[in-house]
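The structure appears right after this line, and notes come after that.
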Amino acid sequence: MVQPLYLKYDTLYQEGKNYEDVIAQFRRVREHQYDVHKGLYYHGYDEKREMIWADPQTGLSPCFWLRAIGWYLMALVDCYEIIPETYSGRFYLKQLLEEAIVGILPYRDRQICLFYQLVDRDDLNGNYLETSGSAMVAYAIIKGCRLEMLEQGKYFQTGEEILAGLEAEKIKMDSGNLHLMGTCASAGLGPKDERDGSPEYYLLERVAVDNAHGVAACMMAYGEWLKFKK
């Protein structure tokens, strides 16, 4: 989440001296949190294996949480836009984006084209199609196409389909006002014995209406769609 701010500050005020650190942080996330079999990123990683949610062998949290993946995808496209074209590490961000998009797309709901709160668990009772993370994926795809990180003919329609699913299923009219439904109000890991990262934890978190996580992501995705169309 912090990488675009870190990179923008470094570009404006520090002449890019920390570009290598930015790229290295993406590399570490890819090394530790990416599941090559699932094609998805775990929510968290604890190097010391001390947190209640951390697997004692791998240090990973148990689940693939949609919004965590969404933030990661947004960071990739935003950092790619900021970092100079001449910087050698820029292409690596492009590689990571396509890999992650290819990984997550098979988990879309086939009819509505949105993603579940726990991405790979459509079999789980109480799992639901979550708004903010789905909008983040749409944002990353559409912006990735605009920046030519992704092949437009292959991916842009998918981004549009996610937006259409959000409009059809998650935006409701009430007394003349539009409201955005189905956003996880908040979720995280730890810091102590709370928020243990279990499937039950994620599905018990409050689902909110007009929550800023979802509203902002939807506005950003739609904004990217408008830029692309222009």
Side-chain angles (χ1 to χ4, degrees), residues 1-36 39-47 59-61 64-105 115 119 132-152 155-156 158-159 162 186-189 212-228 230:
M1 294 162 60
V2 78
Q3 296 308 307
L5 175 61
Y6 179 22
L7 182 61
K8 186 69 171 181
Y9 183 90
D10 194 60
T11 300
L12 291 174
Y13 301 113
Q14 296 182 308
E15 299 180 348
K17 72 175 186 178
N18 292 311
Y19 284 176
E20 282 298 318
D21 183 48
V22 172
I23 299 299
Q25 292 198 43
F26 281 111
R27 288 188 188 278
R28 284 192 287 272
V29 170
R30 172 60 176 76
E31 177 185 356
H32 293 296
Q33 291 174 240
Y34 183 70
D35 186 310
V36 295
L40 299 171
Y41 283 84
Y42 286 97
H43 184 181
Y45 169 69
D46 175 19
E47 184 179 33
L60 290 165
S61 59
F64 303 105
W65 179 41
L66 176 60
R67 193 153 73 214
I69 296 173
W71 270 318
Y72 175 75
L73 296 175
M74 293 177 77
L76 287 171
V77 294
D78 289 351
C79 286
Y80 186 87
E81 186 176 40
I82 296 167
I83 205 164
E85 293 183 10
T86 55
Y87 182 67
S88 59
R90 190 171 186 254
F91 183 71
Y92 180 60
L93 302 180
K94 180 178 179 179
Q95 291 178 307
L96 289 179
L97 178 67
E98 183 162 20
E99 177 184 62
I101 294 298
V102 168
I104 197 171
L105 285 183
F115 299 89
V119 181
S132 67
S134 296
M136 289 173 174
V137 177
Y139 171 84
I141 290 174
I142 296 170
K143 185 169 184 175
C145 289
R146 180 173 67 82
L147 298 177
E148 299 183 351
M149 298 175 74
L150 298 172
E151 184 181 335
Q152 295 175 7
Y155 292 104
F156 181 74
T158 301
I162 299 170
S186 180
L189 294 169
H213 293 99
V215 172
C218 284
M219 292 172 69
M220 292 173 73
Y222 182 59
E224 280 299 323
W225 184 83
L226 291 174
K227 287 180 182 180
F228 186 94
K230 290 182 178 179

Can you list, pair by pair, the side-chain donor-acceptor contacts under 3.5 Å of residues 71-82, counting residues two or more places apart and other chains?
from, atom 1, to, atom 2, distance (Å)
Tyr72, OH, Tyr41, OH, 3.0
Asp78, OD1, Tyr139, OH, 2.6
Asp78, OD1, Lys143, NZ, 2.7
Tyr80, OH, Arg90, NH1, 3.3
Glu81, OE1, Lys143, NZ, 2.7
Glu81, OE2, Arg146, NH2, 3.2

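Looking at Asp10 and Tyr19, their side chains never bring a donor and an acceptor atom within 3.5 Å of each other. In this structure, a donor-acceptor pair under 3.5 Å is present between the side chains of Tyr87 and Glu20.
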Verdict with reasoning, Phe115 to Ile162, per side-chain contact (heavy atoms from CB on, under 4.5 Å): CA-CA 9 Å; Phe115 299 89; Ile162 299 170; 3.8 Å; yes
Intermediate values then yes/no, side-chain contact (heavy atoms from CB on, under 4.5 Å), Ile104 and Leu66: CA-CA 9 Å; Ile104 197 171; Leu66 176 60; 4.1 Å; yes
Arg27 and Arg30: CA distance, side-chain angles, deciding distance, side-chain contact (heavy atoms from CB on, under 4.5 Å) verdict: CA-CA 5 Å; Arg27 288 188 188 278; Arg30 172 60 176 76; 5.7 Å; no
Working for side-chain contact (heavy atoms from CB on, under 4.5 Å), residues Asp21 and Tyr6: CA-CA 10 Å; Asp21 183 48; Tyr6 179 22; 2.7 Å; yes
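Summarising the local packing, CD of Gln14 is surrounded by more than 12 heavy atoms from other residues, nucleotides or ligands at distances under 6.0 Å. For Tyr222, the OH atom is loosely surrounded, since the number of other residues' heavy atoms within 6.0 Å does not exceed 12.
Here Glu31 does not pair with Arg28 in a salt bridge; the nearest charged N to carboxylate O distance is not below 4.0 Å.
The OG atom of Ser88 sits 8.5 Å away from the CD1 atom of Ile83 when rounded to the nearest 0.5 Å. Between the CD1 atom in Ile69 and the OH atom in Tyr42 there is a gap of 10.5 Å [rounded to 0.5 Å]. Note that OG1 of Thr158 and CD1 of Ile142 are 10.0 Å apart. Values are rounded to the nearest 0.5 Å. A distance of 13.0 Å separates SG of Cys218 from NE2 of His213, quoted to the nearest 0.5 Å. To the nearest 0.5 angstrom, Ile101 atom CD1 is 11.0 Å from Glu99 atom CD.
Residue Ala135 comes nearest to Ala221 through the heavy atom pair O-CB, 3.7 Å, listed as atom of the first residue, atom of the second, then distance. The shortest heavy-atom contact between Ser186 and Arg67 is CA-NH2, 3.7 Å. Leu189 and Ser61 make their closest contact through CD1-CB, 3.9 Å (heavy atoms, listed as atom of the first residue, atom of the second, distance). Shown here for Ala187 and Trp65, the closest heavy-atom pair between the two residues is CB-CZ2, 3.5 Å.
Outside the 6.0 Å centre-distance limit, the rings of Trp225 and Phe228 are not counted as a close aromatic pair.
Residues Ile141 and Phe156 have side chains not in contact (no heavy-atom distance under 4.5 Å, counting atoms from C-beta outward).
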